[in-house]
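Below: the structure, in structure tokens.
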2 protein chains.
Amino acid sequence: MLYLIGLGLGDAKDITVKGLEVVRRCSRVYLEAYTSILTVGKEVLEEFYGRKLILADREEVEQEADNILKDADISDVAFLVVGDPFGATTHSDLILRATKLGISYRVIHNASIMNAVGCCGLQLSPSLLLLIITDMIWLYVRSDVSQEQDRGTCLGFPWTGAAGISQQAGPRFIELYKFGETVSIVFWTDTWRPESFFDKVKKNRQNGMHTLCLLDIKVKEQSLENLIKGRKIYEPPRYMSVNQAAQQLLEIVQNQRIRGEEPAVTEKTLCVGLARVGAEDQKVAAGTLQQMCAVDLGGPLHSLIITGDNMHPLEMEMLSLFSIPENSSESC
Amino acid sequence: MLYLIGLGLGDAKDITVKGLEVVRRCSRVYLEAYTSILTVGKEVLEEFYGRKLILADREEVEQEADNILKDADISDVAFLVVGDPFGATTHSDLILRATKLGISYRVIHNASIMNAVGCCGLQLSPSLLLLIITDMIWLYVRSDVSQEQDRGTCLGFPWTGAAGISQQAGPRFIELYKFGETVSIVFWTDTWRPESFFDKVKKNRQNGMHTLCLLDIKVKEQSLENLIKGRKIYEPPRYMSVNQAAQQLLEIVQNQRIRGEEPAVTEKTLCVGLARVGAEDQKVAAGTLQQMCAVDLGGPLHSLIITGDNMHPLEMEMLSLFSIPENSSESC
């Protein structure tokens with residue numbers, strides 16, 4: 001059996017009990033080492049798991065998938081992934097290869113940035129809850145309601161009234177689908193400065209939705225010289241900070257103004273910077289895009305949220321827990 | 001300290017090692033019992049954790065938050081949530097109350113349906129990986145590339161060529177932002193048959209994106225009679241199945257046709273039904289919307305994905321692992 005096991009986002013103890021049991025009994029344990037990082041090193045994991053880990057970078061997973069899968073039909077092999085095996089990167093290729101070789105697989109899920117980002121209080125997904133009581137009273141009172149009076153996918157929350165949203169005659173419903181399409185922000189180079197992801201941010205904002213921006217990671221990068229000479233010497237890993245992402249975003253805003261376009265995001269747009277989500281020293285900071293250029297969130301990994309308009313009062317209240325003091329704002 | 005602890009999606013062992021340690025040392029442990037269900041009961045959890053669990057339904061969390069938070073400034077209290085504390089429901093209200101009372105809180109994340117749904121092979125989020133080598137060679141070969149040649153947020157995948165996507169002159173980039181806004185499908189009643197969420201599915205499909213549909217859960221529902229008479233007698237919990245969701249969707253399709261509209265989804269649209277994601281007996285089935293009406297996925301919880309057009313060959317290949325045999329199609 002091939003096990004794809006999520007390690008979560010923090011440290012060695014963020015593996016699930018089930019995941020740990022599997023790791024301890026597998027004949028070989030690989031650690032995916034190319035898309036993300038835990039806040040602790042391989043050695044710490046090895047000590048806690050009581051197992052040697054074989055590092056597998058992207059190249060190896062591609063080229064040596066058959067080695068990883070060797071004997072997985074007769075013994076158990078674990079492939080560990082920071083976050084969730086299906087969070088920010090797919091491991092479909094490994095699964096498909098296993099399936100072709102007649103090897104069964106199982107996935108042991110864990111948290112990924114795709115859901116943990118909700119920790120800042122911005123709504124990640126619709127809630128399935130309806131305020132059943134007010135709902136039913138309303139249906140009773142208004143039993144003549146026609147099907148045309150479609151309240152759609154609006155969902156009810158008890159604090160809607162308390163939080164200052166005007167109550168309708170009907171149940172206290174409010175839309176809470178707040179995250180739109182996720183985007184990536186990549187490191188710009190002298191010659192490659194992509195701006196097109198900005199259209200997606202714009203579309204999300206036009207629809208009143210937040211945008212989660214995953215920030216670039218560069219691992220096993222070779223200098224052009226080393227690449228050409230075929231030397232397998234790698235540059236130190238680089239992880240984009242919220243500051244760098246904000247600076248690139250502000251440059252795009254400037255470029256749009258120069259081209260006479262109305263930018264969908266400005267220096268004053270409310271953003272949320274997140275660092276090391278799920279770890280003990282997690283940091284969240286809410287402030288303007290301008291403030292994001294200077295906020296100090298410490299080491300990687302960072303993520304950035306560009307908020308949509310029309311935030312819910314509860315979202316605002318949660319964000320206020322993380323707001324950057326006014327006077328700490330510095331210009332980029 | 002108030003701990004909000006995600007339990008993951010499967011059984012008792014899907015809690016993280018860190019979460020379990022906290023549960024075992026807290027003075028009181030609450031189990032949120034209103035938005036989701038684990039595939040095992042409270043007693044199984046209690047036995048594995050070695051702790052008594054206090055069930056807290058939505059009403060109690062609203063009305064008795066102060067009881068939950070009692071003494072949390074001087075002792076540790078755990079609040080357990082199926083999935084992730086910030087997955088499908090927010091617990092911002094509890095956090096805000098705690099903060100106002102000067103009580104610190106910590107979140108121990110876990111998998112939620114919002115990321116685990118990627119297990120079917122559909123791309124959940126952009127990958128942060130660029131094909132560094134081809135990328136750099138390309139930059140070298142085409143060092144005259146102008147900034148206008150914006151390759152945007154396209155991301156590179158090594159199997160792009162192999163999977164039959166025509167290679168460009170530049171690096172093998174491909175868009176992989178495939179999930180749009182999440183929607184909820186609620187149980188229709190005789191008088192309340194919302195269709196408006198369908199617009200979001202349409203918008204997602206127009207943008208080539210998949211739609212995750214979270215399906216309705218009804219717990220602690222009272223009959224109108226019991227409600228009016230103030231009797232706290234509750235109906236058995238109800239969980240919407242993929243079959244029910246598909247039937248409602250097909251009815252909307254029919255209604256749109258009757259109104260002369262071109263429906264964004266038809267009987268033949270490729271969908272993915274998921275049941276008990278993350279559990280041992282998880283089931284995934286890929287087929288047409290028509291097939292979703294009859295597919296047997298077993299007990300709750302179910303989710304449904306309506307795919308976007310222009311699927312990636314790797315997504316198609318993964319889905320083929322779960323495809324419903326042609327002859328098993330039955331009409332609703």
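First the proteins, then the strands, lettered A, B, ... as listed; each starts at 1.
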Heavy-atom proximity to chain A below 4.5 Å, by part of I15(B):
both

Taking all atoms of both residues into account, what is the closest heavy-atom pair of H109(A) and V277(B), and its distance?
NE2-CG1, 4.3 Å

Proximity breakdown for L4(B) and chain A, heavy-atom pairs closer than 4.5 Å
neither

First locate atom NZ of K100(B), then atom CD of E317(A), and finally report the distance between them rounded to the nearest 0.5 Å.
4.0 Å

Region of F187(B) that comes under 4.5 Å of a non-hydrogen atom in chain A
neither

Working to the nearest 0.5 Å, report the span between CG of L20(B) and OG1 of T16(A).
11.0 Å

Go through D199(A), I108(A), V107(A), L96(A) and name the one with the most non-hydrogen pairs under 4.5 angstrom from chain B.
L96(A)

Flag the pair E181(A) / N207(B) as yes when at least one side-chain heavy-atom distance between them is below 4.5 Å, and no otherwise.
no

Test of understanding: with side chain to side chain donor-acceptor pair (under 3.5 Å), list the residues that count as partners of E251(B), not counting sequence neighbours.
R193(B)

pair N110(A)-N110(B): side-chain heavy atoms closer than 4.5 Å:
yes

Portion of L212(A) that has a non-hydrogen atom of chain B nearer than 4.5 angstrom:
neither

Please list, chain by chain and in numerical order, all residues satisfying side-chain contact (heavy atoms from CB on, under 4.5 Å) with E235(A), sequence neighbours excluded.
E221(A), S223(A), N226(A)

